[in-house]
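Input: a single structure, listed below in structure tokens.
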Amino acid sequence: MTPSLLRLGSRPTQALHLSGYSLKSPVSVCRSGASKSLVSCAQVSRCTIQTSTTRTLASVPSTLSSWHSDQTLKFNITNHRWSSTSAASSNNEPKIDYLSLPHSSPEVQNLIEHHARKSQTSASLQTLMKTGRGEFLHKLSKHNQGGGFASVTSRPEDESEATPLVLVQVASFLRRELPIRLAHRIHDLSRVSYLQDMKSVQQVKDLYTTSFLEILSVDKHPPTREGSEAWEEQFAKILENIYERHSSVLVQMARGAFELRAAIRRGALLGVDDDGCDEGQKTTNEKELQVGRDAVEFELMESTHAFLDRFYISRIGIRVLIGQYLSLRQPPVENYVGIICSKTSPYEIVKRAIDDAAFMCTRKYGDAPEVIITGRLDMTFPYVPTHLHYIMLELLKNSMRATVEYHGIDADYPPIKVVIADGSDNEDVIIKVSDEGGGIPRSNMKRIWSYLFTTADPEIQEGMVAFNENVDHSIDSPLAGLGYGLPISRSYARYFGGDLSIMSMEGYGTDCFVYLTRLGNTREPLPI
């Protein structure tokens, strides 16, 4: 007779003392709420197995203290020995096809909640570069190596080219990390007051849920050494599609905020305060949203903007991780490790941003102010050039528009000045943009960081939200649009430990300061 097995696995059966245990069919036992290690818990350190003929006291050996929830412990009643196997290999536990289930189903919602309870793992610019260069291959686990790779200590000869092992290592990290990050945002999208009811926001939530389930549809680890590259290629195709689909999220979320403001102004919603309480729940907090046609200080709604800050900084992080991985799979480019350039030149990026901003300004007004660059024009440092270009383009187009509108079309415009400051002992690379565009009223200084504050004409803003832009930022958009340019620019700067600040003198002009860390050792400011 084949020895029967008592399995301590992931299938929950609320019992440790079993009676009438059949020697022909295994029974699963699991402590309720177990997430990491069962054998370290007193409740399962000793199990009494009761059958119709025998009573066996089974002690869980300390050698199995590394047991995790994705493994199954087996106790052989005949020889009283324990063993562990992967739960995924058990034929008795079929894999659920979550993609075929509705997003609102209990199974999908429980899966999201499970991952949302996990902690996110932040990365730094240095970590991304070192991983892409293969400097962490010695940390590659047996699972990630495809179940049979020899010990790996060598690094690729060309540090800008990722080897298959590097790609497997990065893919394995993303397979584990991305579902957690997406689940946090899905959870947040489900709870944000009133914004969650907007059609565009619901579409974003569905998009994130679909991506979450698609990533989980891929096996957690490569099956074998021979199958690791096929596993990595399959995963890369899924991430390519996700990266493409999520490119319009920036505009979709801005559209959702626009829809909320429109609903409030036409009286479709009851008055709420900044915590989302209804009229009967008001506390001493000052009301920030009024009913109907009353003036709506929407851009000061703190809870909404705290949510948007969390959402956008998380989105930047997700796109950096996926973009870095997909770039590592492309042919190597000199001085680049993925999307990171080890010799980023602020001067060259500012010049390109000036050309783009001047093109946009000339298209709108027929002319554009001159821009003068001074300071450290020869310095380079490791950074993501696309991030810096986005920031500089936003600041320069704002300065050009303010200058032209303040002095009038066909006037003799004062030049905009850009200063690049850096020293060998400086902790930051600092870029200052100064204009004489009339400045910003002090009462508006807080609002410029609002995702809903914009000086664009209502017709332009309505046209922008009707346009499904499939890129993160583009010179095809008008000079003033949805109102997310400055806060998103600050999020880009803060993502790797920098910052963006603005000082203004009403009636004269504005100075903008961009701070970028030189060392790149600051970890992502991941929102909970």
Side-chain angles (χ1 to χ4, degrees), residues 119-141 144 152-163 165-178 180-181 239 313-330 332-346 348-349 376 379-391 420-431 489-500 514-527:
S119 298
Q120 303 167 93
T121 303
S122 61
S124 66
L125 196 70
Q126 281 188 358
T127 300
L128 294 176
M129 291 186 69
K130 289 180 179 180
T131 304
R133 290 170 175 165
E135 295 184 29
F136 294 138
L137 281 177
H138 62 283
K139 297 184 178 182
L140 197 64
S141 68
N144 295 346
V152 180
T153 56
S154 60
R155 289 166 53 185
E157 294 182 5
D158 183 357
E159 292 190 343
S160 64
E161 182 175 6
T163 65
L165 275 180
V166 169
L167 296 177
V168 169
Q169 184 181 40
V170 175
S172 297
F173 170 73
L174 295 184
R175 169 59 182 81
R176 181 177 66 255
E177 178 66 16
L178 289 177
I180 298 174
R181 296 198 182 196
L239 290 194
I313 198 72
S314 174
R315 179 179 184 271
I316 291 172
I318 290 171
R319 291 189 73 76
V320 164
L321 292 181
I322 298 179
Q324 175 72 357
Y325 167 61
L326 296 179
S327 294
L328 288 173
R329 303 186 83 253
Q330 302 303 313
V333 178
E334 186 179 5
N335 298 324
Y336 273 81
V337 180
I339 61 174
I340 304 168
C341 179
S342 59
K343 296 183 178 180
T344 300
S345 168
E348 293 297 330
I349 291 177
R376 283 290 307 276
M379 63 88 58
T380 61
F381 74 114
Y383 206 70
V384 181
T386 53
H387 288 194
L388 183 54
H389 181 269
Y390 181 94
I391 296 169
I420 302 172
D422 175 64
S424 58
D425 297 328
N426 289 11
E427 66 179 50
D428 290 329
V429 174
I430 306 171
I431 304 174
S489 296
R490 185 169 66 172
S491 294
Y492 272 118
R494 288 179 171 178
Y495 180 73
F496 284 125
D499 208 348
L500 172 61
V514 181
Y515 302 91
L516 308 169
T517 55
R518 296 177 75 250
L519 298 178
N521 57 357
T522 305
R523 289 188 171 272
E524 306 168 87
L526 294 178

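Heavy atoms only, all atoms of each residue included: V166 and G132 are closest at CG1-O, 3.9 Å. Nearest heavy-atom pair across L167 and R329 is CD2-CG, 3.7 Å. Taking both residues in full, the closest heavy atoms of T517 and D428 are given as CA-OD1, 3.6 Å, listed atom of the first, atom of the second, then distance. Taking all atoms of both residues into account, the shortest heavy-atom contact from E177 to T121 is OE2-N, 2.9 Å. Between I431 and P346, the shortest heavy-atom distance links the atoms CD1-CB, 4.0 Å.
Of the inter-residue distances, the one linking Y515 atom OH with D499 atom CG reads 8.0 Å to the nearest 0.5 angstrom. Residue L516 holds its CG atom at 11.0 Å from CZ of F496, rounded to the nearest 0.5 Å. Distance check, rounded to the nearest 0.5 Å: CG of L328 to OG1 of T131 gives 9.0 Å. The OG1 atom of T380 sits 11.0 Å away from atom CD of E348, with the distance rounded to the nearest 0.5 Å. In this structure, I313 CD1 and Y492 OH are separated by 9.5 Å, a value rounded to the nearest 0.5 Å. Note: L128 CG to I340 CD1 = 4.5 Å, rounded to the nearest 0.5 Å.
S327 places a side-chain N or O within 3.5 Å of a backbone atom of G323 that can act as its donor or acceptor partner. Between the side chain of Q120 and the main chain of P527, a donor-acceptor pair closer than 3.5 Å is present. Looking only at distances, no side-chain donor or acceptor of R518 sits under 3.5 Å from a matching main-chain atom of P382. Panel note: side chain S342, backbone N335; a donor-acceptor pair is recorded below 3.5 Å. Of the possible polar contacts, one joining the T344 side chain to the Y383 backbone as a donor-acceptor pair under 3.5 Å is found.
At a threshold of 4.5 Å between non-hydrogen side-chain atoms, the residues V429 and R376 do not count as touching. You'll find the side chain of L178 reaches within 4.5 Å of the side chain of I318, heavy atoms only. S124 has its side chain out of reach of T522: every pair of non-hydrogen atoms, C-beta onward, lies at least 4.5 Å apart. For the pair I430/I420, no side-chain contact is recorded, criterion being any heavy-atom separation below 4.5 Å from C-beta on. Annotation: side chain of L326 is in contact with side chain of I322 (closest heavy-atom distance under 4.5 Å). Side chains of H387 and I316 form a contact here, defined as non-hydrogen atoms less than 4.5 Å apart. Residues R181 and L526 have side chains in contact (heavy-atom distance under 4.5 Å, counting atoms from C-beta outward).
Classification of R494 and E524 as a salt-bridged pair fails, no side-chain N sitting under 4.0 Å from a carboxylate O.
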